[in-house]
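Along the sequence shown, residues carry numbers from 1. Below, all heavy atoms of this structure are taken into account, side chains as well, without hydrogens, waters or symmetry copies.
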Amino acid sequence: MARMNDLAAAPNDIAASAEERPIRARKPDWIRVKAPVSKGYHETRKLMRDLNLNTVCEEAACPNIGECWTKKHATVMILGDVCTRACAFCNVKTGMPRIVDPLEPEHTAAAAAKLGLEHIVITSVDRDDLPDGGAGQFVKVIQALRRETPGTTIEILTPDFRGKMRPAVEAICEAGPDVYNHNLETVPRLYPTIRPGARYYASLRLLEEVKHHDPMIFTKSGIMLGLGEQRLEVHQVMDDMRTADIDFMTMGQYLQPTPKHAKVEDFVTPKAFDAFGAIARAKGFLQVASTPLTRSSYHAGDDFAQMRAAREAKLAKTKIG
């Protein structure tokens, strides 16, 4: 009888547990991508494993990994795979990180050389546990790349270096990256829930500091759409970025990594992304990427070439005028 009672209750239990589980919004057709199966994908993955390198492509569950890795484009994530922050949108593990790998700079340079990269993007987890926030490792990686692959242009995507921003930015700028990226991620109103460990205006100041230290370094920042932001709030972020003299703005659709993360409030249509992109271009950015699948390092090499050409054209026009 006990077993019969258990079996009789099972459907109700299943229904109850299903009701308790968070419902994830179904992705529209324009945001779906094919599973990665190509030979190039597997070769890139093997190289990352052989060199003991982490990638944000994997850790952040990027939807573009199949396309990018097929082309042998990978974004290396330095300073380990454990973050000291716990942002509501991010799939990277949170906790106490391990010690910094001293071989990481040379392995990163070796990966760039083997992949034949013309442009590389380097990012990292937040390392609030380190005295310099991890800035020194960015410097070492840039220096290793300059030695091993001098023809490769370098784009870095750094954390905010909370409490140690100015010396961190100065040290990294002295190493000479071509592009300095730091993402604002969302509109100011949503920071307490989406990015609680950071401050919107502190991130803006970081990018201003880069330009103050070296005006020739391109600056870049991006936000996610679909978190509940309002249209005019996005326009205000554009204005704030231009006030900070940011050269390149990216906008992409937020995707919920797991049911425990912030939910998707809205799937923004490609047409709406086009409209946001047009407004951003009108505000004077050298480069804008605005599509549902846009991510910080998606097509970064092509975008860098276009941004550099736009600056050269602008400078030529100024000289003629």
Side-chain angles (χ1 to χ4, degrees), residues 53 55-56 73-79 100-127 130-161 164-183 203-222 241 244-250 285-287 296-297 299-315:
L53 291 173
T55 69
V56 74
H73 295 168
T75 299
V76 176
M77 189 173 76
I78 64 173
L79 295 165
V100 176
D101 180 2
L103 298 177
E104 198 170 52
E106 299 304 326
H107 286 172
T108 301
K114 289 184 179 180
L115 292 171
L117 297 181
E118 295 181 1
H119 185 84
I120 188 170
V121 182
I122 308 296
T123 189
S124 81
V125 292
D126 281 280
R127 291 297 300 261
L130 299 176
D132 68 348
Q137 190 76 338
F138 272 99
V139 171
K140 291 175 182 176
V141 169
I142 293 169
Q143 291 172 339
L145 286 164
R146 294 296 187 214
R147 286 194 304 268
E148 297 300 319
T149 58
T152 302
T153 49
I154 302 170
E155 179 174 329
I156 57 165
L157 171 55
T158 77
D160 60 8
F161 299 116
K164 54 206 70 135
M165 181 267 288
R166 183 164 284 112
V169 167
E170 288 179 356
I172 292 171
C173 286
E174 283 296 319
D178 297 283
V179 182
Y180 196 122
N181 186 359
H182 173 66
N183 285 328
S203 287
L204 276 174
R205 284 198 300 273
L206 181 151
L207 290 158
E208 286 180 321
E209 189 68 24
V210 173
K211 282 294 189 183
H212 176 74
H213 192 83
D214 187 347
M216 294 309 293
I217 294 177
F218 290 100
T219 50
K220 178 177 176 180
S221 189
M241 286 188 183
D245 200 21
I246 293 169
D247 298 302
F248 186 173
M249 181 181 189
T250 63
F285 290 96
L286 288 177
Q287 182 73 358
S296 292
S297 54
H299 295 165
D302 293 338
D303 286 336
F304 171 72
Q306 293 174 26
M307 180 168 57
R308 184 163 53 184
R311 174 191 276 177
E312 290 171 355
K314 186 177 180 180
L315 290 174

What one should report as the nearest heavy-atom pair of A310 and L286 is CB-O, 3.8 Å
Where the side chain of T219 meets the backbone of Y180, is there a donor-acceptor pair that is under 3.5 Å apart? no
Is there a donor-acceptor contact under 3.5 Å from the side chain of D160 to the main chain of S203? no
Given side chains that start at C-beta, do those of Q137 and P105 come closer than 4.5 Å, heavy atoms only? yes
Might you work through the salt bridge (Lys or Arg N to Asp or Glu O under 4.0 Å) test for E106 and R147, ending with a clear yes or no? CA-CA 10 Å; E106 299 304 326; R147 286 194 304 268; 2.5 Å; yes
Non-hydrogen atoms of I142 and A175 that approach each other most closely: CG2-O, 3.4 Å
side-chain contact (heavy atoms from CB on, under 4.5 Å) assessment of T108 paired with I120: CA-CA 10 Å; T108 301; I120 188 170; 4.2 Å; yes
Between CD of Q143 and CD1 of I154, what distance do you get to the nearest 0.5 Å? 10.0 Å
Where F285 and I246 come nearest, the two heavy atoms and their spacing: CD2-O, 3.4 Å
Heavy-atom check, side chain of V121 versus side chain of S296, under 4.5 Å: no
Any side-chain heavy-atom pair from M307 and V179 closer than 4.5 angstrom? yes
Side chain T153, main chain E118, donor-acceptor under 3.5 Å: yes
So do I122 and L145 actually touch side chain to side chain, heavy atoms under 4.5 Å? yes
pair V100-I78: side-chain heavy atoms closer than 4.5 Å: no
Minimum heavy-atom separation for G133 to K164, with atom names? N-CD, 3.3 Å
When you compare the side chain of V210 with that of C173, does any pair of heavy atoms fall below 4.5 Å? yes
K314 side chain vs A309 backbone, donor-acceptor pair below 3.5 Å: no
Specify the closest pair of heavy atoms between D247 and F218, including all atoms of both residues, with the distance to one decimal. OD2-CA, 3.3 Å
Heavy-atom closest pair, residues G222 and N183: N-OD1, 2.8 Å
Under 4.5 Å between any side-chain heavy atoms of H212 and R166, yes or no? no
Do E104 side-chain atoms and L79 backbone N/O form a donor-acceptor pair below 3.5 Å? yes
Quick check for you: to the nearest 0.5 Å, what is the distance between Q287 atom CD and T250 atom OG1? 10.5 Å
Is a side-chain donor or acceptor of R127 paired with a backbone partner of P159 at a separation under 3.5 angstrom? no
